[in-house]
S.K.: 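Structure in structure tokens, see below.
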Amino acid sequence: MKTETVAIPKFLDMELLGRLPSLEIQARYLVHGFWMGMHRSPLQGFNVEFKEYRSYQQGDEPRTIDWKVYARTGKLEVKVREEDTNLTAYVLIDASGSMSYRSASAAMSKWNFARSLAAGMILLLSRQRDAASLGVFGAGPMQFIRPSLKASEHRRMMAALEREPDGHGAPLAKVLDDLVILARRRSLIFVLSDFYENLDALETPIRQLRHAGSELIFLQVMDPRELHFDFTEPVLLQESETRDRMTLSPDLMRKRYLQRLEAHLATVAKAVQSYGGDYQLLRTDVAPFRAFGAYLACRRGAL
Amino acid sequence: MISLLSAAYLLGAAAIAVPIILHLLRRRPRKVQPFPSFLLIDPTTARMQSQNNILKWLVLLLRCLFLLLLALAFSWPYLPRFKRPPEQLTAVLWDHSFSMQSRAYANELYEKAQDIIGKGSQGHPTAVGLVADRVRWSGDFSEDPDSLAQWFYDHESGYGSSKFDRALRLADRKLQNAPGRKKRIVLITDRQLVPWQGINLSKTLSPGTEFELIEPQRPGFKNVAITDARLVGPFTDPKQRLPLRVRIRNYQHQPVIAELVITWQDEIADRRQIEVDALSQVTVAIPLEAEMLEPLFGKAEILVSDELQADNTAWFVANPTHLPKVYMSRPRRGSVDFIHTALAPTDRRKAAQLEELSGNSNLDELQSSDVIIVHRGIQTDSPLAERLDQRLRQGGTIVAVWRDTPMMRRWLAGYGLTAAASPLTGTHRLGSIDFEHPVFMPFLDVRTASLFNVLFFDPPHLKLPERARVLAHFDSGQPAIAELPVDDGRLIIVGTAISREATDWPINASFLPLWRELLAYANQDQQTQSTFTVSASALNIPKITQVRNMHTGEIVPLQAKRFIPDQPGAYLVQHAGEDTAIAVNVPSEESDPLPLADDFPYQRLVSKEPPSEQDASVLTTAQQSKSFWWMLLSTALVMMLAEIILANRTSL
């Protein structure tokens, strides 16, 4: 599946987003910003709430009749709304220790960025009347909340995102294996992670999920420093997950690191794209609207 | 052991603290920085990190070495050549004049010299200098007596004259430039007076320098010498009779009879017995006949029993030339022109080609004149005066014979030369004569006519510019004869008219020879010098291409296109497209055996001040540390270059 190219709105203040007091507010700010941007984007005019008219049939709720059409034409026409598409989206978010990283140039940590995005995604799903599900995988068993349109479930999801990342996360392959069993057919699956793990093991669950008709979207969250490795002085680094330490002179390391990084990103993208999925590289200093765009594109394809 | 000339610069080495501190500060990061994962770092980190550290240490090492070498270079390290200065340095000066060949003591002095040179050994370096016009050294001070003795043997005989003052100063300087605890100059000489003339006893040698004189047991020698032999007069015609003048001097206290043998073009032309009184000189005139107009040579030799042979032979040459062209104005009408009479050619001798100088003279031909004699002055605004001035400034000679006329006064005033309105009244003689001047030098001979007997009546009171050289004064102190340089030429003023009313000079025996000497002097620049002495520094014939010994026919090697003869002989010199014969003889002053007085205080040359031992070693240090300096600086620059290359690799 290929998403359409979406112009990225620039007016979301990432600094402000990072400072907002609660996850819910962050999600609303994020979605609001996305919609504001949409009015200026090439997708303007794409109606996400209205689908079509059809003739009134017995049993239809009278409130669904468009009385204005009736006044003009004398025919009873019923609005068919998007909430009727029955899309189910799973948002899987990585809560391993590596997601806690935040460099000086980033507005927020990878975890905060990812969970804001996840919350925004759930909010957007609920507004679109799509069932949202959340899976948080980190140290310990995955915290999974089943798909639902209920507000109470959404609050549980928000609460689940209030944790802090720590330690080794569960292997993503295992999480996707579990999802093969748990997920409904033809669902939309978002994975928010930095993908620091064995990518070869992902192939089987991805193939199975795809076989079940699900769409997979990998959202790789990376800090700018991870992407540029812009250390100038010798540094003593400590790995977030294992707490291992290493002294480096980055001047000699940089070239080799960037080569390996490029290969790693390409491998992640290939892992999902080779089965028709989508891949987005998200920097923590740039608003994640591409992720929303990917969702909307998938939703439109599913209609 | 390496020593430092400017050890204070070593403090600059402390600058290495800067790169070391920077290195240490940057090397150990203290602050822990989190990083998400080592997944992309881990496999290669250890190896590359290790390599990086090695490079950084290497860069630090290069930086430190660069600073150290720079500080070391500026501190001028040196390795002294002598771990200990030699016990004694000896400069042996050998009098290389030809009088040292005297049979009276030649062997005795040679053995003494070899004995001194042979004592040079380890710790007693010696250098030998041959003293002539210049000092020729055997080289640096040597501890190898055999090679020194061989060098001395090869150069023992000299034919020049020697001067000791300059030689002693040079030897002193040479000793001061070398380290040594004790320094000594040994002068080996025959104690002849001549080389000591002009020595400055008030200027001592350096403090601590000893001076020793090695002399024969019996100074002085029996000698008879040819002091001069030359062909007189210009050689202008083939088949011309050329008068040879040979002067023989007897330096002994008893008369001798010598046999004079004249060889002309390698054939004996004359042989005669000559008796020379004790301590006196004879001049022999012998006519020789030329067969062709080309450079010719001959030899005068006396066979006599004396102790110095080198001066018993004298070479002479004749070079074809033209007669000097003399332009003369006429004296007062009705008077006798004595100068014309003196210079006019005769059957026996042609002194000059005489032409009349007047307003009708061909002015263009004046440019080729050698001498112009003016009697009454010249109209200053006339073309003739202009041409005379032009010729004078281009190198000609004008002889102005004084006559008190307004024209003469105006003409000489143009050259800054005036005369008082009233003359010196009464009869005057010459009071002093500059016998150093070439014109008057021959009149030193006691047997020549005296110039002091000449009477001058009411001579003028001449006033000369400062640049004029007075050749003779009247007994009242006023100038009588003077020479005034005017650009390239010279104006000679004779302060008397040549007339019976003014002087009795024309009837004096000195009149004719003086005017001929004057003529020869005025004409000397037109001819190439043809008589030299051995090693004469005056041998300045330009553009020499080849020199050949006229007697043996051998080609003589040149020294940097200069010919410096070290042997007497007749030589044919090719220069500037023409051939000139030159005669080279021993310097006649060396023939005089007069010894140095027994009480001559030459020991005054030795300084009474205590020696300073530091100077020589410091000088040696400075000279020898130069190579070290460049080596260290070059290495430091290489270090800096390597540092730049490696630092770029490590981004340091």
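Naming: A, B, ... by sequence-line order, numbering from 1 per chain.
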S.K.: So for A:Arg245, is it side chain, backbone, both, or neither that comes closer than 4.5 Å to the heavy atoms of chain B?
M.R.: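 A:Arg245 touches chain B through backbone and side-chain heavy atoms alike.
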
S.K.: Rounded to the nearest 0.5 Å, what separates atom CG in A:Leu92 from atom OG in A:Ser193?
M.R.: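 Going from CG on A:Leu92 over to OG on A:Ser193, the span is 10.0 Å.
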
S.K.: In chain order, what residues pass the side chain to side chain contact (heavy atoms under 4.5 Å, CB included) check against B:Leu68, with sequence neighbours excluded?
M.R.: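 B:Leu68: side chain to side chain contact (heavy atoms under 4.5 Å, CB included) contacts with B:Ala13, B:Ile16.
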
S.K.: Looking at chain B, which one of A:Glu197, A:Gln259, A:Glu226, A:Glu239 has the largest number of heavy-atom pairs inside 4.5 Å, strictly under?
M.R.: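 Ranked by heavy-atom pairs under 4.5 Å with chain B, first place is A:Glu239.
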
S.K.: Heavy-atom distance under 4.5 Å to chain B: side chain of A:Asp244, backbone, both or neither?
M.R.: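 When you check distances to chain B, atoms from both the backbone and side chain of A:Asp244 fall under 4.5 Å.
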
S.K.: Which residues satisfy the side chain to side chain contact (heavy atoms under 4.5 Å, CB included) test with A:Asp230, sequence neighbours excluded?
M.R.: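 For A:Asp230 the side chain to side chain contact (heavy atoms under 4.5 Å, CB included) partners, ignoring immediate neighbours, are A:Arg225, A:His228.
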
S.K.: Do A:Ser96 and A:Glu241 meet the criterion of a side-chain donor-acceptor pair at a distance under 3.5 Å?
M.R.: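 Yes, because at least one side-chain N or O of A:Ser96 sits under 3.5 Å from a partner of the opposite role on A:Glu241.
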
